[in-house]
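Comments concern the structure below.
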Amino acid sequence: MSVHIAFSGGLEDLFNKQRNLTVPLESQLTLKQLVFHLKDRYLQTRPELFMSGDSLRPGIIVLVNDMDWELCGKDDYVVQDRDAISFISTLHGG
Amino acid sequence: MSVHIAFSGGLEDLFNKQRNLTVPLESQLTLKQLVFHLKDRYLQTRPELFMSGDSLRPGIIVLVNDMDWELCGKDDYVVQDRDAISFISTLHGG
Amino acid sequence: MVEAELSPAEIERYHRQILLREFGLEGQKKLKSAKVLVIGAGGLGSPLLLYLAGAGIGTIGIVDGDVVETINLHRQIIHSSNNLKINKAESARRLLQELNPEIKLEIYTQWLTGESSASIVPGYDIIVIATDNVESRYLISDLGVYYKKPVISGSALRWEGQLTVFSPSPCIRCLFPQPTPRHAWSKASDIGVLGPIPGVIGTLQAIETIKLILGLPVLSRKLLMYDGLSCQFKLFQLRDTSPTCPACSGQINPHTFNYAEFLGQIPAIPSI
Amino acid sequence: MVEAELSPAEIERYHRQILLREFGLEGQKKLKSAKVLVIGAGGLGSPLLLYLAGAGIGTIGIVDGDVVETINLHRQIIHSSNNLKINKAESARRLLQELNPEIKLEIYTQWLTGESSASIVPGYDIIVIATDNVESRYLISDLGVYYKKPVISGSALRWEGQLTVFSPSPCIRCLFPQPTPRHAWSKASDIGVLGPIPGVIGTLQAIETIKLILGLPVLSRKLLMYDGLSCQFKLFQLRDTSPTCPACSGQINPHTFNYAEFLGQIPAIPSI
Ligand SMILES: [Zn+2]
Ligand SMILES: [Zn+2]
């Protein structure tokens with residue numbers, strides 16, 4: 001299976017400036033596990049701008065197929081084949 | 001089967017102000033036939049603002065699942081179950 | 001609310017929007033009776049204020065403690081090279097009053113703080129976040145919850161923008177109970193912003209404000225993400241009010257809350 | 001093209017966009033060297049011109065034969081009650097020059113016609129459609145094809161907007177070989193428009209113009225549809241150049257083509 005990952009709000013800078021990634025997965029992962037997977041295998045730089053302890057750092061929202069992950073079980077949501085998962089860093093500028 | 005029809009650019013006014021319609025179809029239709037079907041069964045007023053002879057009047061573009069119908073065979077495209085067909089009247093204001 | 005009457009001059013001025021089915025004279029009267037507080041007369045505030053004034057919002061409050069500088073003018077289109085060193089709320093007021101002499105503009109040439117907001121916020125119906133820093137966003141969202149006023153939140157940086165409406169709940173703390181850590185803060189002065197990007201978001205904020213006043217559906221519990229490089233817009237469904245949100249459960253008084261401590265810093269001088 | 005140099009004052013003014021990876025000093029120089037012709041200083045033109053001027057487009061041409069009236073001001077935010085009865089290109093020039101004294105503004109206080117365009121269009125690199133009528137759209141698209149210049153086409157009415165880039169091919173005739181019949185024409189003066197709706201589209205047109213100058217991908221062969229009521233944006237893939245398009249196959253000379261006949265009418269007075 002594979003999932004479509006999108007980064008925005010500046011997070012793409014941590015992943016080799018890629019706003020979109022197709023990530024193959026050999027087994028089903030929860031979102032929590034997916035975050036670690038991305039950090040371990042795809043993150044290029046400055047992990048502290050992505051994670052804080054064993055979670056995403058504050059200020060990042062995750063959206064699963066156009067929905068807030070809070071509405072899908074958050075960390076425990078089991079990622080499905082061809083899911084679109086967006087990691088968005090909230091912007092404060094204006 | 002059914003298709004999702006979207007109207008914009010003012011065309012919705014001809015269809016009881018509905019911007020979105022789910023249209024059930026008993027058999028497969030071409031886009032050409034679908035246009036007549038909409039005119040016969042759903043159009044409420046002023047057919048000359050929708051059709052001209054046996055085609056859509058000039059200034060209307062049709063999009064099938066995010067693509068110009070010109071790229072899908074235009075009139076001859078056979079509508080599939082759950083297709084999203086948008087009828088858009090081009091705007092000239094500014 | 002006593003509904004305002006429209007003069008013949010106003011009916012002429014607003015004719016093109018009064019024609020809209022969703023508007024009419026009744027809609028225009030609602031706009032005239034409305035009081036909208038805009039915090040920030042910068043990148044987001046420039047188009048936002050111009051379109052709110054153009055549309056005939058009866059009373060617009062503008063809060064900004066900054067002054068106009070040349071480095072603003074690539075995006076802060078409400079100001080000009082003739083207004084350098086003038087307070088931004090005052091500079092905005094000048095152009096807005098020329099665009100629309102019919103409306104009332106109330107300016108506050110200061111930074112919004114927990115203390116100063118007590119005498120400002122209650123007089124308005126809707127609050128719009130048009131600032132460029134994280135501290136103000138939590139303060140304004142908390143004020144919205146505290147005073148039960150909807151908050152129209154926009155932001156922009158580099159080529160991207162974001163927009164949502166706190167009605168006022170769910171609020172910013174429902175989404176982000178902990179603020180972005182200081183080491184992850186990004187500012188236009190560091191990483192840049194293209195001028196028309198806050199232009200798009202500020203203009204969309206004006207539209208949401210108008211729809212809210214007219215009683216039309218707005219982006220409540222929805223997040224709009226905009227990427228100017230690809231010209232892509234995405235709408236996401238957001239969570240409902242968090243049962244553990246300290247603001248929405250009434251535990252936060254924005255006039256006394258220690259935002260500096262919450263954000264882990266002494267108060268920063270807001271950037272340009 | 002001889003690349004312009006940037007003064008220290010310009011580097012300061014444009015600093016926040018020069019910081020962008022896709023921009024830099026080289027990008028700013030490209031903007032300074034660019035010449036953009038904007039036809040229409042009204043609803044679309046107001047934000048478009050302000051953001052192009054703010055960004056430092058070196059030469060901006062503005063064509064408009066209309067004068068400022070109160071009924072414009074709900075959306076034509078570049079004008080004001082102080083400029084009533086002034087030609088719109090001139091009125092726009094005044095505010096733009098104050099926003100950015102560094103750029104060159106060339107104004108044409110006239111309606112664009114097949115005849116008048118011959119001495120205007122060739123001097124520019126990019127043409128932007130910011131008009132409010134169908135006749136000008138075919139004329140300007142044909143001029144783009146004829147002079148091999150990209151055309152950034154925007155439109156807005158009621159709560160909706162549309163945007164595409166003719167590079168110049170495919171052109172408007174590739175999409176709409178026959179124009180909308182006269183009985184189906186809709187104008188803001190008849191059915192209305194919300195002010196910030198052309199605000200969104202005009203601002204997006206400014207962004208597409210800037211991206212084009214920088215050599216970044218734009219909305220060529222793509223149509224952006226915007227609905228302000230639902231805050232929905234959709235992108236559609238459009239056809240390629242039509243093999244039967246009379247303009248793209250070189251058969252149309254916009255300076256001599258009979259647009260009145262093509263549109264089935266004697267030339268209409270453009271609406272406000
Ligand atoms: Zn809350
Ligand atoms: Zn063509």
Side-chain angles (χ1 to χ4, degrees), chain C residues 9 12-23 47 50-51 54-56 70-71 73-77 79-82 95 98-101 158-159 163 188-197 199-200 203-204 206-208 210-211 216-219 222 224 228-233 235, chain D residues 9 12-23 47 50-51 54-56 70-71 73-77 79-82 95 98-101 158-159 163 188-197 199-200 203-204 206-208 210-211 216-219 222 224 228-233 235:
Chain C
E12 182 198 2
R13 176 180 284 270
Y14 307 123
H15 180 255
R16 299 293 191 248
Q17 62 201 32
I18 288 171
L19 281 174
L20 296 168
R21 175 161 64 226
E22 298 80 1
F23 229 94
L50 284 163
Y51 283 111
T70 303
I71 203 166
L73 300 178
H74 78 112
R75 72 187 185 277
Q76 301 187 16
I77 56 162
H79 307 302
S80 77
S81 285
N82 290 0
L95 193 63
E98 287 183 12
L99 175 66
N100 194 346
R158 296 206 292 200
W159 294 84
L163 173 60
S189 48
D190 299 327
I191 67 171
V193 64
L194 186 72
I197 299 289
V200 172
T203 306
L204 290 172
I207 296 168
E208 293 304 294
I210 291 166
K211 289 194 294 186
L216 296 168
V218 293
L219 292 178
K222 286 189 170 56
L224 178 79
L229 267 176
S230 61
C231 201
Q232 287 229 341
F233 293 81
L235 267 179
Chain D
E12 184 196 1
R13 174 180 286 270
Y14 306 122
H15 179 255
R16 299 293 191 247
Q17 61 200 32
I18 289 171
L19 281 175
L20 297 167
R21 176 161 63 225
E22 298 79 2
F23 229 93
L50 284 163
Y51 284 111
T70 303
I71 203 167
L73 300 178
H74 79 112
R75 74 187 185 276
Q76 299 187 16
I77 56 162
H79 308 302
S80 77
S81 286
N82 291 1
L95 192 63
E98 287 183 13
L99 174 68
N100 194 346
R158 296 206 292 200
W159 295 84
L163 172 61
S189 47
D190 299 328
I191 68 172
V193 64
L194 186 71
I197 299 291
V200 172
T203 306
L204 290 172
I207 296 168
E208 292 303 296
I210 290 166
K211 289 192 297 186
L216 296 169
V218 294
L219 292 178
K222 287 190 168 56
L224 179 79
L229 267 176
S230 60
C231 201
Q232 288 230 340
F233 293 81
L235 268 180

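Just so it is clear, the structure is predicted and the values come from calculations on it, not from any experiment.
- Aromatic ring orientation, C:W159 versus D:F23: tilted (interplanar angle from 30° to 60°).
- Comparing C:D190, C:I18, C:V193 by how many heavy-atom pairs each has under 4.5 Å with chain D, the most go to C:V193.
- Applying the side-chain hydrogen bond (donor to acceptor under 3.5 Å, both in side chains) test to C:E208 and every residue at least two apart in sequence or in another chain returns C:K211.
- Between C:L194 and D:L20, the shortest heavy-atom contact is N-CD1, 3.7 Å.
- In plain terms, the two heavy atoms of D:G228 and C:I207 that are nearest each other are O-CG2, 4.0 Å.
- Side-chain contact between D:N100 and C:L73 is absent, with no heavy-atom pair separated by less than 4.5 Å.
- When heavy atoms are compared at a cutoff of 4.5 Å, D:L235 approaches chain C solely by way of its side chain, counted from C-beta outward.
- Interface residue C:L216: only side-chain heavy atoms are found under 4.5 Å from chain D.
- D:L224 is listed as a side-chain neighbour of C:C231, based on a closest heavy-atom distance under 4.5 Å.
- With a 4.5 angstrom heavy-atom cutoff, C:L95 touches chain D only via side-chain atoms.
- You'll find the side chain of D:R158 reaches within 4.5 Å of the side chain of C:R21, heavy atoms only.
- In terms of the salt bridge (Lys or Arg N to Asp or Glu O under 4.0 Å) criterion, D:R13 has no residue partners (sequence neighbours excluded).
- Side-chain contact check for D:P196 versus C:I210: some heavy-atom pair is nearer than 4.5 Å.
- Both the backbone and the side chain of C:L50 come within contact range of chain D, each with at least one heavy atom under 4.5 Å from a heavy atom of that chain.
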